[in-house]
Asks: 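Take this structure, written in structure tokens, and hold onto it; I'll ask about it next.
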There are 2 protein chains.
Amino acid sequence: MLREEIRDRLIEDILGGRLVPGDRLVETRIAQSYGVSQAPVREALRDLELLGFVVSAPFRGSVVREVSTSDLVQIYPIRAVLEGLAARDAATRLDAAGLKKLESLVTSMRKSAARGDTRAAISDDFAFHLIIVEASGNWLLKQFWERMRLATTTFLTVSRSHHALAEIAERHAPVLEALRRRDPDAAERAMRRHIEEPGEWLRLALDTEGEERPTPPPAPARTTPARKSRR
Amino acid sequence: MLREEIRDRLIEDILGGRLVPGDRLVETRIAQSYGVSQAPVREALRDLELLGFVVSAPFRGSVVREVSTSDLVQIYPIRAVLEGLAARDAATRLDAAGLKKLESLVTSMRKSAARGDTRAAISDDFAFHLIIVEASGNWLLKQFWERMRLATTTFLTVSRSHHALAEIAERHAPVLEALRRRDPDAAERAMRRHIEEPGEWLRLALDTEGEERPTPPPAPARTTPARKSRR
DNA sequence: ACGCTCGCGATTATCGATTATGCGGACGCG
DNA sequence: CGCGTCCGCATAATCGATAATCGCGAGCGT
């Protein structure tokens, strides 16, 4: 319970910009500043590591990771193949109730998109994908998918993905159609395209945006320890 | 370092059948029996949890999860799509040196297989896949892949995968060939088949074996605490 | 002057003990 | 005799302190 508290607080600090990439996270210091012992901090840091917020090396501590643009773009191909697999398996396993739920979600999504309700649309989108992943029957796949989600949703919510909200909603149709036909190959193809395309949009958007508002530069950051808070 | 030791040992115990699903893993008891403190055991257990070997609830400890056959089989499709993606990207990014390394690894693997050296063959196999995953240039992909590896290699080492050692070695050829031609689609297809097929073999082997040695039945196992080692 | 080794400061990893929590059974009450 | 409450035990979560390890820089030898 303490661990989760610390973890959430650190995540807030990172997303809120109070901790920037390259900052060191010293266990003892965090423990002191939060008034707790080192142990729960340590566990929180390990959680952050597997959530992808920090990287840590044995005996050398943890630093806030570069979640920069390139890493975000890399997520999409992975999600695409994982969910493509999920869709393939779901095509033969999804029952009538599940299909019905998917249909209603698409309908709801269209309405949300029409009235520009980004939050509702994202929520429906999430539910849509969740149903498919769960219907795949692959427990491990769901595990991986959820872990990836934690690292992405936070960002996507922030980003202006309303860019083509209506279009995104429409993109679900081919997936649903393939599932309805119980065609594994088609379902996989449709899902892969469904996810890869927004990834492309994001990549392009970030590229052009990066030119006007100079986001923290491409930053190798893997080679340079970047000791800022040397104190 | 201690943590990893404990973790690997627990994994061995689970896969080796010395710890069966439903068994409780008591932190203090493990710590005593290994002659270490509670802290590293705790971390090892958390690792096992995210690897899917145990489930744990706050203040109530961890129990060995139903890893059973089905979960292991589920790993292969995931590896297949992930490495398929890696191969696709690697096809256009791999340099001459990388290709050369892959070739020599396949050669080495054939020799190892010929003289029945399972360990060496597995080592080469691992190196082969690692090169491709790294060549994909997708850092996150490599992360996922490595995490999954922990759950698989350990098992493969234990299992009698020498079953078709030479055949496995030979299965690398199509992948290498596609990469040499720098054909992304072919590389992805070849890699997916390369990984899915052994998964099929494993599934069949486990099925037939499961009939003679009655593995614990499908077992919901989530609802029943199944307190065996009540002591 | 340059490279190498050893010691120092900082920080993580581990330990042993303490506290908090949940579960099951014993006890008292209606 | 059945039911609710309290107590004690087993165990996880946390703590404070100690040991191990790393990177860096001073000191030594060449």
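Chain naming here is simple, since letters A, B, ... match the order of the sequence lines and numbering starts at 1 in each.
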Asks: Distance-only, no hydrogens or angles: does the A:N138 side chain make a donor-acceptor pair with backbone N or O of B:Q74 under 3.5 Å?
Replies: yes
Asks: Any donor and acceptor pair, going by atom type alone, linking the side chain of B:R65 with main-chain N or O of B:V55 inside 3.5 Å?
Replies: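 The answer is no, because no donor-acceptor pair under 3.5 Å joins these two groups.
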Asks: Rounded to the nearest angstrom, tell me the gap between atom CD in B:E4 and atom P in C:dT12.
Replies: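 After rounding, the reported distance stands at 18 Å.
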Asks: For B:V41 and B:E27, work out which heavy atoms get closest and say how close.
Replies: CG1-O, 3.8 Å
Asks: Looking at C:dG22, D:dA13, C:dT12, which one has an atom nearest to any side-chain atom of B:R46?
Replies: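 Nearest nucleotide to the side chain: D:dA13.
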Asks: Could you tell me the separation between the CZ atom of B:R3 and the P atom of C:dT14, rounded to a whole number of Å?
Replies: 8 Å
Asks: Where the side chain of B:R60 is concerned, which of D:dT14, C:dC23, D:dT21 is the nearest nucleotide?
Replies: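 Among D:dT14, C:dC23, D:dT21, the one nearest the side chain of B:R60 is C:dC23.
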Asks: Let me know the distance between CZ of A:F59 and P of D:dA19, rounded to the nearest Å.
Replies: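 Going from CZ in A:F59 over to P in D:dA19 covers 15 Å.
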Asks: What's the closest nucleotide to the A:P58 side chain, out of C:dT14, D:dC15, C:dA13?
Replies: C:dA13
Asks: I'd like a table of donor-acceptor pairs (distance under 3.5 Å, sequence neighbours excluded) in which one partner is a side-chain atom from residues 82-91 of chain B, with atom names and distances.
Replies:
residue : atom : partner : partner atom : Å
B:E83   : OE1  : B:H129  : ND1          : 2.5
B:E83   : OE2  : B:R79   : NE           : 3.2
B:E83   : OE2  : B:R79   : NH2          : 2.9
B:E83   : OE2  : B:W145  : NE1          : 2.7
B:R88   : NE   : B:E188  : OE1          : 2.5
B:R88   : NH1  : B:D185  : OD1          : 3.4
B:R88   : NH2  : B:D185  : OD1          : 2.5
B:R88   : NH2  : B:E188  : OE1          : 2.9

Asks: Would you mind reading off the distance between B:L2 atom CG and D:dT21 atom P, rounded to a whole angstrom?
Replies: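 Distance check: B:L2 CG to D:dT21 P gives 10 Å.
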Asks: Of all of residues 35-44 of chain B, which get a heavy atom below 4.0 angstrom from DNA chain D, listed by number?
Replies: B:Q38, B:R42
Asks: When the distance from CG of A:D47 to P of D:dA13 is rounded to whole Å, what number comes out?
Replies: 12 Å
Asks: Would you tell me if any nitrogen or oxygen in the side chain of A:R29 comes within less than 4.0 Å of OP1 or OP2 on C:dT11?
Replies: yes
Asks: What are the two closest heavy atoms between B:M109 and B:D124, and how far apart are they?
Replies: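 Looking at all heavy atoms of both residues, the shortest contact is N-OD2, 3.5 Å.
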Asks: Closer than 3.5 angstrom, by distance alone: can the side chain of B:E196 be matched with the main-chain N or O of B:A80 as a donor-acceptor pair?
Replies: no
Asks: Send over the distance from A:E27 CD to D:dT14 P, rounded to a whole Å.
Replies: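 These atoms are roughly 15 Å apart.
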Asks: To the nearest angstrom, how far is B:Y34 atom OH from C:dG16 atom P?
Replies: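 Taking atom P of C:dG16 as the reference, OH of B:Y34 is at 17 Å.
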Asks: For A:L45, which contact category applies under a 4.0 Å heavy-atom criterion: base, sugar-phosphate, or nothing?
Replies: nothing
Asks: Suppose the criterion is salt bridge (charged side-chain N to carboxylate O under 4.0 Å, His left out): which pairs have a residue in residues 131-143 of chain A, not counting sequence neighbours?
Replies: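 As it turns out, the salt bridge (charged side-chain N to carboxylate O under 4.0 Å, His left out) pairs with a partner in residues 131-143 of chain A, which skip direct neighbours, are A:E134-A:K142.
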